[in-house]
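Written out below as structure tokens is the structure these notes cover.
For the single chain, residues carry numbers from 1 onward in sequence order. In what follows, every heavy atom counts, from backbone to side chain, and hydrogens, waters and symmetry copies are set aside.
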Amino acid sequence: MTMIDVNALHLAFGAVKVLNNVNLQVQAGQSFGLVGESGSGKTTVLRCLAGQYMHWDGQLRIGGHALGRKLDRARCREVQMVFQDPYGSLHPRHTIHTVLAEPLRIHGMDRERERVESILAKVGLNSSYRFRYPHQLSGGQRQRVAIARALILEPRVLLLDEPTSALDVSVQAEILNLLADLRERDGLTYLMVTHDLGVVAHLCDQVAVMQHGSIVETLTTEALCNNAAQHAYTRMLVDSSRSYSRDMAEA
């Protein structure tokens, strides 16, 4: 079953074209990566699916249902987004309980405390974290809370916008392993934006490469790792990634 279907997606800000005929399909339970340089349009695709941009042209479907240009509760229950900066995405004056309970109240869901404690446990935090504020948590703990907030409405799709790039290297693997475990346990579907091909190799089954608002190549992660990329831009990204890794190792 195709869970995410993006067909002929176009978007512009005034005279500036940001997305140009973007097409991609993500199967249910799959983790799909979007890679490319800054400004290539990766996050813009996520924002269209999440309902943050509404002036796009084309067709967007989630679970076979067409998405309109108006954000409704059903769409919020189906699709949630995890942002790049966990501190910036959490209200500094709200406790973790308030952060997690707010979506439940908006959607009229019962058993608030039980659901909050359950979702915290699922992301590896005990119930005492309910009473803390974001500034009292580490970066990795804040991102766990951000993931918990995205999951508390029990969506089928997570849109992941560079979910580890703001974290220390030592914490990144913990969050990636958590996301992998959650996907396997709950049958989630991921569409993830990243600059890091190592993250793609760790978490994704398939990857699309974007340049100047268009997808230039789609291939499996295995093919990417085995130097089977066909497009010159994809090969350049792989070579740059390897060069960066060597430079870091020699530093």
Side chains of Ser214 and Val22 in contact at under 4.5 Å (non-hydrogen atoms): no

Hey, could you give me each pair passing side-chain hydrogen bond (donor to acceptor under 3.5 Å, both in side chains) that has a residue in residues 45-54? Not counting sequence neighbours. Arg47-Gln52

Closest heavy-atom pair, Arg77 versus Leu153, reported as atoms and distance to 0.1 Å, is NE-O, 3.1 Å

Donor-acceptor contact present, side-chain Ser138 to main-chain Gln141, <3.5 Å: yes

Over 12 foreign heavy atoms within 6.0 Å of CD, Glu184: no

Does Arg111 have any side chain to side chain contact (heavy atoms under 4.5 Å, CB included) partners at least two apart in sequence or in another chain, and if so, which? Glu114, Arg115

With no hydrogens and no angle check, just 3.5 Å: does a side-chain donor-acceptor pair link His202 and Asn177? yes

Derivation and outcome, side chain to side chain contact (heavy atoms under 4.5 Å, CB included), residues Leu137 and Ile96: CA-CA 10 Å; Leu137 306 181; Ile96 302 310; 3.8 Å; yes

Enter the distance from Leu9:CG to Asn21:CG here, rounded to the nearest 0.5 Å. 9.0 Å

Of the non-hydrogen atoms in Pro103 and Leu100, which two are nearest, and what is the gap between them? CD-O, 3.3 Å

Do Val200 and Val26 belong together in a cluster built from hydrophobic side chains that touch within less than 4.5 Å? no

Kindly give the cluster partners of Met54, where membership spreads through any ILVMFWY side chain lying under 4.5 Å from a current member. Leu71

According to the side-chain hydrogen bond (donor to acceptor under 3.5 Å, both in side chains) rule, which pairs have a member within residues 58-72, sequence neighbours left out? Asn7-Gln59

Closest approach of Arg149 to Ser89 (non-hydrogen atoms, all atoms of both residues): NH1-O, 2.8 Å

Under the side chain to side chain contact (heavy atoms under 4.5 Å, CB included) rule, what do Leu19 and Met210 come out as? Steps first, then yes or no, please. CA-CA 10 Å; Leu19 298 179; Met210 292 195 69; 4.0 Å; yes

For Glu37 and Ser40 the tightest heavy-atom approach is O-OG, 2.8 Å

Do Met3 and Val157 come close enough that some side-chain heavy atom pair is under 4.5 Å? yes

Under 3.5 Å, side chain of Lys42 to main-chain N/O of Gly36, donor-acceptor pair present? yes

Can you find a heavy atom in the side chain of Leu191 that is under 4.5 Å from one in the side chain of Leu160? no

Listed partners of Gln206 passing side chain to side chain contact (heavy atoms under 4.5 Å, CB included), at least two apart: Gln30, Phe32, Thr218

Applying side chain to side chain contact (heavy atoms under 4.5 Å, CB included) to Asn226 and not counting sequence neighbours gives Glu222

Can you sort out the partners of Arg142 under salt bridge (Lys or Arg N to Asp or Glu O under 4.0 Å), two or more places apart, ordered by chain and number? none

With hydrophobic residues grouped by side-chain heavy-atom distances under 4.5 Å, do Val6 and Val79 end up in a single group? yes

Pairs in or reaching into residues 155-170: which pass salt bridge (Lys or Arg N to Asp or Glu O under 4.0 Å), with residues at least two apart or in two chains? Glu78-Arg156

Are the side chain of Thr2 and the backbone N or O of Ile4 linked by a donor-acceptor pair below 3.5 Å? no

Would a distance-only check, ignoring hydrogens and angles, find a side-chain to backbone donor-acceptor pair under 3.5 Å from Asp85 to Tyr87? yes

So if you build clusters from Ile, Leu, Val, Met, Phe, Trp, Tyr with side-chain heavy-atom gaps below 4.5 Å, do Leu159 and Val199 land together? no

With a 3.5 Å distance limit and no angle check, can you tell me whether Arg183 reaches the backbone of Tyr190 through a side-chain donor-acceptor pair? no

Which residues share a side chain to side chain donor-acceptor pair (under 3.5 Å) with Arg130, sequence neighbours left out: His97, Glu117

Does Asn126 form a side chain to side chain donor-acceptor pair (under 3.5 Å) with Ser128? I'd like the steps, not just the answer. CA-CA 6 Å; Asn126 64 50; Ser128 70; 2.4 Å; yes

Do any N or O atoms from the side chain of Asn23 and from the backbone of Ala8 form a donor-acceptor pair under 3.5 angstrom? yes

Closest non-hydrogen atoms of Gln84 and Ser165, given as atom of the first, atom of the second and distance, are NE2-OG, 2.9 Å

Test item: Asp205 and Gln27 side chains (from C-beta on) under 4.5 Å apart, heavy atoms: no

Could you tell me whether the side chain of Leu179 reaches within less than 4.5 Å of the side chain of Pro163, counting heavy atoms only? yes

Output, in order, the C-alpha distance, side-chain angles, deciding distance and verdict of side chain to side chain contact (heavy atoms under 4.5 Å, CB included) for Thr95 and Arg132. CA-CA 5 Å; Thr95 66; Arg132 301 189 190 185; over 6 Å; no

Please check: side-chain N/O of Asn20 versus main-chain N/O of Val18, any donor-acceptor pairing under 3.5 Å? no

Evaluate Gln80 against Leu151 for side chain to side chain contact (heavy atoms under 4.5 Å, CB included), listing each step before the verdict. CA-CA 7 Å; Gln80 283 289 313; Leu151 291 176; over 6 Å; no

For Glu217 and Thr234, which I'm curious about, is there any donor-acceptor pair between the side chains at under 3.5 Å? yes

Between CG of Leu182 and CG of Leu158, what distance do you get to the nearest 0.5 Å? 8.0 Å

Any pair with a residue in residues 93-108 that passes salt bridge (Lys or Arg N to Asp or Glu O under 4.0 Å), sequence neighbours left out, goes on the list, sorted by first then second residue, please. Arg105-Glu112

Distance-only, no hydrogens or angles: does the Gln172 side chain make a donor-acceptor pair with backbone N or O of Leu167 under 3.5 Å? yes

Between Val145 and Tyr129, is there a side-chain heavy-atom distance shorter than 4.5 Å? no

Do the ring planes of His91 and His94 sit parallel (below 30°), tilted (30 to 60°) or perpendicular (above 60°)? parallel

Which residues satisfy the salt bridge (Lys or Arg N to Asp or Glu O under 4.0 Å) test with Asp181, sequence neighbours excluded? none

With clusters defined by side-chain heavy atoms of hydrophobic residues (ILVMFWY) lying less than 4.5 Å apart, directly or transitively, does Ile147 cluster with Phe83? no

Quick check: does any side chain N or O of Ser241 sit under 3.5 Å from a backbone N or O of Leu237, one acting as donor and the other as acceptor? no

Examine Val35 and Val193 and state if one hydrophobic cluster contains both, with Ile, Leu, Val, Met, Phe, Trp and Tyr joined whenever side-chain heavy atoms are less than 4.5 Å apart. no

For residues Val209 and His231, determine if any side-chain heavy atom of one lies less than 4.5 Å from a side-chain heavy atom of the other. no

Is there a side-chain contact between Leu11 and Val45, using heavy atoms and a 4.5 Å cut-off? no

Test side chain to side chain contact (heavy atoms under 4.5 Å, CB included) applied to Ala223 - qualifying residues, sequence neighbours left out: Leu219, Thr220, Ala228

Closest non-hydrogen atoms of Cys204 and Thr221, given as atom of the first, atom of the second and distance, are O-OG1, 2.8 Å

